[in-house]
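Comments concern the structure below.
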Amino acid sequence: MRLKTENLEKVFRTELVETVALNDVSIEVNDGEFVAVMGPSGCGKSTLLNILGLLDNPTNGKYQIDDVEVAHLKEKERTQYRRGKIGFVFQSFNLIDEMTVEENIGLPLTYLKYSAKERKRLVDEVMMSLNIAHRAKHFPNQLSGGQQQRVAIARAVVTKPGLILADEPTGNLDSKNGRDVMTCLGELNKMGTTIVMVTHSQKDAQYANRIINLFDGLVVDSLKDRM
Ligand code: ADP
Ligand code: MG
């Protein structure tokens, strides 16, 4: 999937304060690219990722996915647009504790009203490829952090989305599990999935083709192309 933002601005307003989270962000991500977004805490990385993933709208500016303008869709339209097309991976895994591994992974397919048979086929396939099939009947709290994050990645990719957005996916993992998760993301990218990943880690950023640096809601440098 191809992403393009023009002059994105995001202002959070409460009664007392106004925070400019994104100031003027114009970026492009090409189809099949793996981009890392870096920058200090509070500079707007998660805000940008949420807008790219249609979890939120910008206050001003344009955003096109594959040439379709999506910056000002209503919440319901955003949900419809992103379902099946965009997979999310968060630092905190965000799995449902009461559901087994296979139920967690199948959830996006339930939302998309896949039949039980088709759901099982796709869940089994993704569990095999991410090496968690032996944990299908376990619950998240019975797994290591690395396994939980692999389950979250499986859930993100079970619909075969064109775009994965990852917000500090290794932030809660030790270095071995972190490498594991990065290898998964690297392989998904090799198979053609576009990835935008927020990270603090120079090591994780090495898996990306390109780094976009943010500072105070502005892109300060997107020229570190290491292709
Ligand atoms: P990062 O992910 O780079 O650490 P964020 O995008 O989470 O930064 O936040 C950018 C700025 O916007 C911060 O100053 C943060 O406090 C503020 N912010 C983020 N989300 C909200 C919100 N929902 N309401 C008010 N302020 C917010
Ligand atoms: Mg953040």
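Both ligands and their constituent atoms are indexed starting at 1 by order of listing.
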K85 to Y81, cation-pi by 6.0 Å centre distance and 45° axis angle | yes
Count up the protein N, O or S atoms sitting under 2.8 Å from the Mg ion (ligand 2), would you?
-> 1
Smallest separation among heavy atoms of I211 and A205, with atom names | CD1-CB, 4.1 Å
Ionic contact status for E102 with K137, cut-off 4.0 Å = yes
Are R210 and F34 in a cation-pi setup, meaning NZ or CZ lies under 6.0 angstrom from the ring centre and within 45 degrees of the ring axis?
-> no
Do E118 and R121 sit within salt-bridge range, that is, some charged N less than 4.0 Å from a carboxylate O?
-> yes
Are the side chain of E69 and the backbone of Y63 linked by a donor-acceptor contact shorter than 3.5 Å?
-> yes
Where at least one partner belongs to residues 138-158, residue pairs that pass salt bridge (charged side-chain N to carboxylate O under 4.0 Å, His left out), sequence neighbours excluded | R150-D180
Any ion pair linking D204 and R179 (charged N to carboxylate O, less than 4.0 Å)?
-> no
Which protein residues have a heavy atom under 4.0 Å from ligand 1?
-> F12, T19, A21, P40, S41, G42, C43, G44, K45, S46, T47
Hey, could you give me each pair passing side-chain hydrogen bond (donor to acceptor under 3.5 Å, both in side chains) that has a residue in residues 35-47? Not counting sequence neighbours.
-> S46-D167
